[in-house]
Amino acid sequence: MTTIAGRTPWRGVIVEYRDRLPVTDATPLVTLGEGGTPLILSDRLSRETGCRVFLKFEGTNPTGSFKDRGMTLAVSKAVEDGRTTVICASTGNTSASAAAYAAKAGLACVVVVPHGKVAPGKMAQTIAHGARVVEVEGNFDAALAVTRALADEYPVALVNSVNPFRLEGQKTLAFEVCDALGRAPDLHLVPVGNAGNITSHWMGYREYAAGGEIERPPVLFGFQAEGAAPIVLGRPVEEPETVASAIRIGNPASWTGAVDAASGSGGEILSVSDGEILRSHRRLMREEGLFVEPASAASVAGLSKLSSAGRVPAGATAVCVLTGHGLKDPAWGTSDAVPAAVLPPDAAAIAAHLRLDRP
Ligand code: F0G
């Protein structure tokens, strides 16, 4: 069943966690080698918060976001079911992932996105992998509603996180964290948009706890952007707005799943402002060497917020999930950049420009 050749250290989430996923010998394996992402200790954030802070960098997945964990399973099951077309609504990462896995499987892919609201890198991926793109006038919530209606009426497989196989695949992040640490973290922090991810992580941790792999699940905190925080407000947001376009969502499909994860683990769904997101985003790039997209920084912004409020127990182990790669939305990493100097290829001229001193 292995389709990743050679003695690779990682073979994709379905092969690695096969006994915990709803696959059989009849399930074709559509994988790009997703998962196996690094869990990176942040010295600076650890010092600052008084706990051990690890960053789970999902940007190293094949299409640059955590979506690939669920997409490998959703597309494999779509092929098993004899489907020839997959469809999704997206703020950009789901569509990039669906397009790539559909290409690998030889399926057609249709994506429905909010007009003018998707980061350029994500749109480029989606088009490059050959998906048919429909832009709707309206936000993500409108795109998801119409996509669900299409999937109800036509023979297309819906691969948004309302597809249970997406959540099954995404729960593997929790397994990986526990396997890497040799235990569960105390705190698990994640950005929240459509709320599938936090729902799936809670599933994963509970499964490991039930199986005795860990003593108990961590406390889960989910962070919405202040202008797109329906769960925090307790009501849908008609016109969600935030710089973090991936989580610009006003009526999350897995709302109750997110609430269950937070309340069941003793955590909470909270919001962080765009300013807090962008500050953490910049720090991740400048101090951690991690190029992430703005939405990813919501987990770290959330940790800082909890820490300032004295809500992070000293010595705890915390995991912040960094959900997507910065190359998808590079403008946010470069908007305040000083333009590069154009100089002749002359060492003396460049040294003078840089004011380098000889030893
Ligand atoms: N971070 C990134 C980079 C995302 O792309 C998303 C969701 C989230 C966080 C939130 O995850 O929806 O499971 O709560 N992006 C979806 C998409 C909505 O269409 O790509 P969630």
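Remember, it's 1-based here, ligands and their atoms both numbered in the order they're listed. Note that the numbering runs from 1 along the sequence shown for the chain.
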> Considering all heavy atoms of both residues, which atom of D260 and which atom of W202 are nearest to each other, and what is their separation?
Replying inline: O-NE1, 3.7 Å
> Any idea which protein heavy atom is nearest atom 12 (O) of ligand 1, and the distance to it?
Replying inline: N194 N, 2.7 Å
> Who's closest to atom 21 (P) of ligand 1 heavy-atom-wise, of G70, S65, S90, A195?
Replying inline: A195
> What protein heavy atom sits nearest atom 15 (N) of ligand 1, and how far away is it?
Replying inline: K67 NZ, 2.9 Å
>> Among V319, V219, T317, L220, which residue satisfies the side chain to side chain contact (heavy atoms under 4.5 Å, CB included) criterion with L187?
In response: V219
> Looking only at protein heavy atoms, which one is nearest to atom 2 (C) of ligand 1, and how far off is it?
Replying inline: T323 OG1, 3.3 Å
>> So if I count the atoms of ligand 1 from 1 in the order they appear, which ones are less than 4.0 Å from some heavy atom of I249?
In response: 18 (C)
>> Between R148 and E153 (salt bridge meaning N to carboxylate O under 4.0 Å), is one present in this structure?
In response: no
>> Within ligand 1, which atoms have a heavy atom of V192 less than 4.0 Å away?
In response: 14 (O)
>> Considering non-hydrogen atoms of the protein only, which is the closest contact for atom 20 (O) of ligand 1, and what is the distance?
In response: T94 N, 2.8 Å
>> Ignoring hydrogens, what is the shortest heavy-atom contact between A225 and D274? Give both atom names and the distance.
In response: CB-OD1, 4.3 Å
> Side chain, backbone, both or neither: which part of N160 has a heavy atom under 4.0 Å from ligand 1?
Replying inline: neither
>> For atom 8 (C) of ligand 1, what is the closest protein heavy atom, and at what distance to 0.1 Å?
In response: I247 CG2, 3.5 Å
>> Over 60° means perpendicular and under 30° means parallel, so tell me whether F57 and H325 are parallel, tilted or perpendicular.
In response: tilted
>> My understanding is that we take every heavy atom of each candidate and find the minimum distance to atom 4 (C) of ligand 1. Doing that for A246, P191, C88, S299, which one comes out nearest?
In response: A246
>> Please classify the I198 to ligand 1 contact at 4.0 Å (heavy-atom distances, strictly less than): side chain, backbone, both or neither.
In response: neither
> Given V321, V292, T91, N197, which has its nearest heavy atom closest to atom 18 (C) of ligand 1?
Replying inline: T91
>> Looking only at protein heavy atoms, which one is nearest to atom 11 (O) of ligand 1, and what is the separation?
In response: F66 CZ, 3.4 Å
> Is the side chain of S254 donor-acceptor paired with the backbone N or O of T199 at a distance under 3.5 Å, no angle test?
Replying inline: no
> Can you pull the salt bridge (Lys or Arg N to Asp or Glu O under 4.0 Å) pairs that have at least one residue in residues 73-100, sequence neighbours excluded?
Replying inline: K77-E80
> Which atoms of ligand 1 are found less than 4.0 Å from any heavy atom of G196?
Replying inline: 13 (O), 14 (O), 21 (P)
>> Looking only at protein heavy atoms, which one is nearest to atom 5 (O) of ligand 1, and what is the separation?
In response: N93 ND2, 2.7 Å
>> Please tell me whether S76 and T27 have a donor and an acceptor in their side chains that are separated by less than 3.5 angstrom.
In response: no
> Do S296 and E293 meet the criterion of a side-chain donor-acceptor pair at a distance under 3.5 Å?
Replying inline: no
>> Test of understanding: with side chain to side chain donor-acceptor pair (under 3.5 Å), list the residues that count as partners of E176, not counting sequence neighbours.
In response: K56, R69
